[in-house]
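All chains are named by letter (A, B, ...) in the order of the sequence lines, taking the proteins before the strands, and each is independently numbered beginning at 1.
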Amino acid sequence: MKPAPGAIKEMEILGESFYSRPAAEVAPDLLGKFLVHGPAAGQIVETEAYLGLDDLAAHACRGVTPRTRVLFGRPGRAYVYLVYGMYECLNLVAEPEGTPGCVLIRALEPISGIDEMRRRRPGAKSLEDLAAGPGKLTLAMGITRRHNGRDLTKGALTVRQWESGESFEIEITPRIGIRLCRELPLRFCVAGNRFVSRRSLAERART
DNA sequence: CAATAGATCATCT
DNA sequence: GATGATCTATTGC
């Protein structure tokens with residue numbers, strides 16, 4: 001049962017306390033929530049947790065730099081950065097202020113503003129392909145580095161929850177596209193969901 | 001279907 | 001100067 005498009009702006013916005021917990025707890029809890037940017041909205045179906053100094057795959061592992069400053073700041077902010085010189089990734093800052101940690105949003109099921117998303121991603125062949133991957137999702141939702149540091153508890157860019165959502169099983173796997181700390185079970189997806197990003201077979205075999 | 005190459009640049013060494 | 005929390009197109013089987 002999906003929400004009517006008009007129902008989305010009535011949904012409760014997740015507040016700072018939701019994010020002010022360990023990233024490995026926030027990440028699975030974000031599944032099923034709605035990422036909203038103006039008229040565009042999608043249901044989160046895949047996330048990954050990135051931790052602090054002990055997580056060599058996390059940007060925060062080397063401490064505070066100009067880029068990683070927001071990871072050490074207040075929870076509930078956006079951390080947006082450029083990967084591979086081409087694509088941007090959206091993370092939500094977790095953990096209390098002073099402790100680094102974030103959740104990478106990897107895939108969305110498009111819910112509203114779909115025409116707009118299609119316009120931003122003309123290459124997408126299907127609805128399933130519109131936002132099934134971290135780079136695709138930021139393009140489809142119109143999220144850029146302009147949003148880095150933005151407060152997600154208010155304004156045009158928010159995450160919301162819906163009481164009437166169906167329950168679902170959570171699948172836990174290693175994270176994707178990283179070299180270090182590959183074995184840590186910090187990737188969470190809605191089991192069986194068609195909108196989860198695709199992994200190459202090579203990567204699948206590696207685990 | 002699977003593997004690989006190329007695009008492209010901010011960030012840190 | 002090397003290295004990516006990626007995606008797409010193209011090649012090869």
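Across the protein-nucleic acid pair, A/Tyr50 atom OH and C/dG4 atom P stand 13 Å apart, rounded to whole Å. Here C/dC7 presents its C1' atom at 18 Å from CZ of A/Arg120, a figure rounded to the nearest Å. Atom P of nucleotide C/dT6 and atom CD of A/Glu46 are separated by 10 Å, given to the nearest angstrom. Rounded to whole Å, the distance from CD on A/Glu88 to C1' on C/dC7 is 14 Å. C/dT3 atom C1' lies 15 Å from atom CG of A/Leu56, rounded to whole Å.
Salt bridge A/Asp55/A/Arg175: present, at least one basic N to carboxylate O contact under 4.0 Å. A salt bridge between A/Arg21 and A/Asp29 is present, with a side-chain N of the basic residue lying under 4.0 Å from a carboxylate O of the acidic one.
Listed pair A/Arg106 / C/dA5 fails the phosphate criterion, with no side-chain N or O lying under 4.0 Å from OP1 or OP2.
A residue-by-residue look at A/Arg179 and A/Pro134 shows that A/Arg179 has its nearest nucleotide of DNA chain C further toward the 5' end.
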Exercise for review: With salt bridge (charged side-chain N to carboxylate O under 4.0 Å, His left out) as the test, would you mind laying out the steps for A/Glu171 and A/Arg187 before giving the verdict?
Suggested key: CA-CA 8 Å; A/Glu171 187 179 349; A/Arg187 173 174 176 259; 5.8 Å; no
Exercise for review: Go through the steps for A/Glu12 and A/Arg160 under the test salt bridge (charged side-chain N to carboxylate O under 4.0 Å, His left out), then give the verdict.
Suggested key: CA-CA 5 Å; A/Glu12 180 192 350; A/Arg160 297 168 186 248; over 6 Å; no
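Listed for the A/Thr68 side chain is a donor-acceptor partner under 3.5 Å among the backbone atoms of A/Gly63. Judged by distance alone, with hydrogens and angles left aside, the side-chain atoms of A/Ser112 form no donor-acceptor pair with the main-chain N or O of A/Pro5 at under 3.5 Å.
Closest approach of A/Ala23 and A/Tyr50 over heavy atoms only: CB-O, 3.9 Å.
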Dump the pairs, protein N or O against N or O of nucleotides 8-12 of chain B, anything under 3.5 Å, distances to one decimal.
unit_1, atom_1, unit_2, atom_2, d
B/dT8, O2, A/Tyr84, O, 2.7
B/dC12, OP1, A/Thr65, OG1, 2.2

Review point. Given Watson-Crick or G-U pairs with both distances under 3.5 Å, what dot-bracket string fits DNA chain C, with | for other-strand pairs and [ ] for crossing?
Key: ||||.|||||||.
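Separation of the A/His59 and A/Tyr81 ring centroids falls under the 6.0 Å cut-off.
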